[in-house]
Amino acid sequence: MTPLRTLRSAVIVIPVDDVDTDQIIPARFLTTTVKQGLGRHLFHDWRYDASGQPRMSSVLDQPQAAGRQVLLAGRNFGCGSSREHAPWALVDWGLRAVIAPSFADIFRSNALKNGLLPVALPPPSYEDLRARLEAEPATEVEIDVAERRLYVDGGPTFEFPLDSFSRRCLLDGLDEIGVLLSHANAITAYEQDRQIPPPPTH
């Protein structure tokens with residue numbers, strides 16, 4: 001997992017409430033356990049019509065969206081089924097953070113385990129940021145994971161919640177297994193100290 005320490009980017013704005021995981025990555029694309037390539041199916045039914053032709057209104061496919069790593073979404077983002085493919089698709093497309101007033105609990109957990117930062121802002125802060133981005137779409141934000149702060153160019157600074165364990169994982173680029181393996185030497189030493197000698201043989 002690529003470490004996430006600071007992130008500076010303009011923002012893709014899709015302020016839709018209750019976006020579920022089937023909208024993020026439709027179920028018919030869940031035939032793989034490989035993360036790579038899922039980004040092309042991100043928000044597929046929003047981006048393509050029934051015949052597979054691109055919808056010209058798709059925000060993700062506008063030229064100005066290229067290279068942007070932050071998404072501003074609506075409340076309860078990631079609700080619905082618990083598919084881990086949802087954060088996989090977001091990250092594979094190129095996103096590293098999603099800003100919203102709230103997230104579905106399982107989505108939030110899956111996101112953090114896959115290097116995607118959910119930035120939950122209180123409604124007044126969220127509405128302030130949304131208004132600024134809609135007025136000036138090129139506005140960039142900077143997210144500092146260590147400080148748990150979001151800075152807005154020419155605007156305010158917002159704090160966001162992030163537990164210490166998830167913060168460490170993002171900063172070091174580790175998932176839960178990676179954190180465990182980082183203590184391998186200490187675990188081995190502990191187990192060796194606890195070894196019980198075999199009983200004497202007669």
Side-chain angles (χ1 to χ4, degrees), residues 1-20 23-24 39 42-43 46-47 54-79 86-105 107-173:
M1 197 163 73
T2 305
L4 181 61
R5 300 185 177 96
T6 60
L7 175 63
R8 184 177 181 84
S9 175
V11 182
I12 297 171
V13 178
I14 307 179
V16 180
D17 293 339
D18 302 313
V19 173
D20 64 35
Q23 292 169 291
I24 297 171
L42 179 66
F43 296 118
W46 293 4
R47 298 167 64 193
R55 299 181 191 273
M56 300 306 296
S57 59
S58 169
V59 175
L60 287 179
D61 297 305
Q62 299 301 312
Q64 62 268 26
R68 297 192 179 190
Q69 297 180 279
V70 180
L71 170 68
L72 183 128
R75 65 177 180 81
N76 197 30
F77 186 78
C79 57
W88 289 0
L90 290 159
V91 172
D92 190 61
W93 190 87
L95 295 165
R96 293 303 307 272
V98 179
I99 304 167
S102 59
F103 295 88
D105 289 341
F107 173 84
R108 183 181 187 282
S109 176
N110 285 337
L112 288 167
K113 292 175 182 178
N114 288 281
L116 180 69
L117 175 63
V119 177
L121 295 181
S125 301
Y126 170 84
E127 293 299 339
D128 182 327
L129 176 59
R130 174 180 169 178
R132 291 174 184 274
L133 295 174
E134 289 178 341
E136 295 291 343
T139 298
E140 292 191 345
V141 300
E142 182 171 324
I143 300 172
D144 188 320
V145 174
E147 297 296 327
R148 304 177 178 93
R149 288 180 178 153
L150 183 151
Y151 304 90
V152 184
D153 278 1
T157 297
F158 302 117
E159 295 185 356
F160 58 88
L162 181 64
D163 65 274
S164 297
F165 179 77
S166 297
R167 174 177 170 272
R168 181 201 166 182
C169 289
L170 289 168
L171 291 172
D172 293 343

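- When all heavy atoms are compared, the tightest approach of Ala120 to Pro101 is CB-O, 4.3 Å.
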Task: Trace of the side-chain contact (heavy atoms from CB on, under 4.5 Å) decision for Arg132 with Thr139 - done: CA-CA 8 Å; Arg132 291 174 184 274; Thr139 298; 5.6 Å; no
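- Between Asp163 and Arg108, the shortest heavy-atom contact is OD1-NH1, 4.3 Å.
- Between atom CG of residue Asn110 and atom CG of residue Leu116 there is a gap of 10.5 Å, rounded to the nearest 0.5 Å.
- Between the side chains of Asp128 and Ser125, no donor N or O sits under 3.5 Å from an acceptor N or O.
- The CG atom of Asp144 lies 10.0 Å from the CG atom of Leu4; values are rounded to the nearest 0.5 Å.
- Judged as a side chain to side chain donor-acceptor pair (under 3.5 Å), and not counting sequence neighbours, the contacts of Asn76 are Asp18.
- Arg167 places no side-chain N or O within donor-acceptor distance of the main-chain N or O of Leu162, the cut-off being under 3.5 Å.
- Within the 4.5 Å cutoff, no side-chain heavy atoms of Arg148 are placed close to those of Glu159.
- The OH atom of Tyr151 sits 10.5 Å away from the OG1 atom of Thr6 when rounded to the nearest 0.5 Å.
- Once rounded to the nearest 0.5 Å, the distance linking CD1 of Ile143 with CZ of Arg8 reads 11.5 Å.
- Using a 4.5 Å heavy-atom threshold, the side chains of Ile99 and Phe77 count as separate.
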Open item on the list: Please determine whether side-chain contact (heavy atoms from CB on, under 4.5 Å) holds for the pair Val145 and Phe160, giving the CA-CA distance in whole Å, both sets of side-chain angles, and the decisive distance to 0.1 Å.
Closed with: CA-CA 9 Å; Val145 174; Phe160 58 88; 5.5 Å; no
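- Taking the side chain to side chain donor-acceptor pair (under 3.5 Å) definition, one finds that Ser58 meets it with Asp61, sequence neighbours left out.
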Open item on the list: Evaluate Val59 against Phe43 for side-chain contact (heavy atoms from CB on, under 4.5 Å), listing each step before the verdict.
Closed with: CA-CA 10 Å; Val59 175; Phe43 296 118; over 6 Å; no
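- Using a 4.5 Å cut-off on side-chain heavy atoms (C-beta onward), Lys113 and Pro87 make no contact.
- The structure places CG of Leu7 at 11.0 Å from CG of Leu170, a figure rounded to the nearest 0.5 Å.
- Contact of the Leu150 side chain with the Val119 side chain is registered, since non-hydrogen atoms from C-beta on lie closer than 4.5 Å.
- By the 4.5 Å heavy-atom criterion applied to side chains, Arg55 and Trp46 are not counted as neighbours.
- Side-chain contact between Leu129 and Val11 is absent, with no heavy atoms from C-beta onward closer than 4.5 Å.
- With sequence neighbours excluded, the residues satisfying side chain to side chain donor-acceptor pair (under 3.5 Å) with Arg130 are Glu134.
- Residue Glu127 qualifies as enclosed at atom CD: its count of foreign heavy atoms under 6.0 Å is above 12.
- Evaluation of the side chain to side chain donor-acceptor pair (under 3.5 Å) test over residues 62-72, restricted to residues two or more places apart or in two chains, returns none.
- Applying the salt bridge (charged side-chain N to carboxylate O under 4.0 Å, His left out) criterion to Asp172, with sequence neighbours excluded, gives Arg168.
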Task: Check against salt bridge (charged side-chain N to carboxylate O under 4.0 Å, His left out), Asp17 and Arg75 - done: CA-CA 5 Å; Asp17 293 339; Arg75 65 177 180 81; 3.5 Å; yes
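- Minimum heavy-atom separation, Trp93 to Ala65: CH2-O, 3.8 Å.
- Among residue pairs with one or both ends in residues 92-104, none qualify as salt bridge (charged side-chain N to carboxylate O under 4.0 Å, His left out); sequence neighbours excluded.
- Put simply, the side chain of Val70 does not reach to within 4.5 Å of the side chain of Leu95, judged on heavy atoms.
- Contact check for Leu72 versus Val98: no side-chain heavy atoms found under the 4.5 Å cut-off.
- Expressed to the nearest 0.5 Å, how far OH of Tyr126 lies from CZ of Phe158 amounts to 12.0 Å.
- Between Ala100 and Gly74, the shortest heavy-atom distance links the atoms CB-O, 3.3 Å.
- In this structure, the side chain of Glu136 does not engage the main chain of Leu133 through any donor-acceptor pair within 3.5 Å.
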Open item on the list: Determine whether Asp153 and Val141 satisfy the following criterion, side-chain contact (heavy atoms from CB on, under 4.5 Å), listing intermediate values before the conclusion.
Closed with: CA-CA 6 Å; Asp153 278 1; Val141 300; over 6 Å; no
